[in-house]
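These notes concern the structure reproduced below.
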Amino acid sequence: MKIIRGRAPEGASEHWSGTFTGEVWGDPVLPATDGVRINNVFFTPGARTHWHSHEQGQVLHVTAGAGYVCAEGGEPQRLEAGDTVWTPAGELHWHGGAPDSFLLHTAVSLGPTDWRDPVTDEQYTAEGADEGSGGAQERA
Ligand code: MN
């Protein structure tokens, strides 16, 4: 058993680059343990991951702000605080902040991550941000 109180012992926020576009910071909550990693991830407006998949899937829970998640073949879906996303094993996707808002989410990642190409500006802005386009899911 491992109990981690508050932030992971590693402590300091990490500036993540290389597999992200824009300014992204991560706080480890649970360092890699038996293939599970938990991070609090802060995306500045417009920042996002590269395309990627998780070998055994990923849970995202939005704790503050607003952003987007997009699966391969789909359109960006808007996320807001309180929303939870399950991405199944191997599904290519990206996630990040909205153009007009930061995004803070907790990410529970299962297994290794397979990183791919950056998300282009065209992919990032494809329909999802435009209400009424049919791209975004209807919200109450
Ligand atoms: Mn992911």
Side-chain angles (χ1 to χ4, degrees):
M1 179 176 288
K2 180 192 289 189
I3 298 176
I4 296 166
R5 303 193 187 279
R7 300 171 74 186
E10 285 79 357
S13 297
E14 300 167 353
H15 184 226
W16 289 354
S17 59
T19 56
F20 297 85
T21 297
E23 285 288 309
V24 180
W25 290 80
D27 270 6
V29 175
L30 176 71
T33 302
D34 296 335
V36 178
R37 283 170 296 115
I38 305 178
N39 289 294
N40 285 328
V41 189
F42 179 89
F43 297 87
T44 53
R48 65 264 191 183
T49 67
H50 290 186
W51 287 98
H52 65 282
S53 62
H54 305 278
E55 188 174 281
Q56 297 173 64
Q58 182 183 55
V59 176
L60 300 176
H61 181 71
V62 179
T63 46
Y68 288 90
V69 65
C70 184
E72 185 179 37
E75 294 175 343
Q77 305 291 316
R78 188 172 177 90
L79 299 175
E80 295 181 353
D83 292 347
T84 302
V85 179
W86 166 244
T87 300
E91 182 173 73
L92 272 178
H93 68 287
W94 59 263
H95 29 112
D100 61 348
S101 175
F102 73 89
L103 172 70
L104 179 62
H105 71 37
T106 300
V108 180
S109 304
L110 308 177
T113 302
D114 179 16
W115 290 104
R116 304 292 183 85
D117 292 333
V119 175
T120 65
D121 288 344
E122 291 70 25
Q123 291 169 330
Y124 177 70
T125 55
E127 303 304 320
D130 179 14
E131 285 184 35
S133 69
Q137 285 180 343
E138 285 297 318
R139 301 190 64 92

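Values reported hereafter were calculated over all heavy atoms of this structure, with side chains retained and with hydrogens, waters and symmetry mates removed. First listed ligand is number 1; within each ligand, the first listed atom is number 1. This is a predicted model, so every value here is computed, not measured.
Any protein N/O/S atom under 2.8 Å from the Mn ion (ligand 1) was counted, giving 5 altogether.
Here D114 pairs with R116 under the salt bridge (Lys or Arg N to Asp or Glu O under 4.0 Å) rule; sequence neighbours left out. With sequence neighbours left out, the ring-ring contact (aromatic ring centres under 6.0 Å, His included) criterion links F102 to F42.
The aromatic rings of W94 and W51 sit perpendicular, their planes meeting at an angle over 60°, well past the 30° parallel limit.
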List the atom pairs, with distances to 0.1 Å, where a side-chain N or O of residues 29-39 and a protein N or O form a donor-acceptor pair under 3.5 Å, not counting sequence neighbours.
from : atom 1 : to   : atom 2 : distance (Å)
T33  : OG1    : K2   : NZ     : 2.9
T33  : OG1    : P31  : O      : 2.7
R37  : NH2    : G111 : O      : 3.4
R37  : NH2    : T113 : OG1    : 3.2

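A cation-pi contact, defined as under 6.0 Å to the ring centre and within 45° of the axis, links R48 to Y124.
H52 places no side-chain N or O within donor-acceptor distance of the main-chain N or O of L92, the cut-off being under 3.5 Å.
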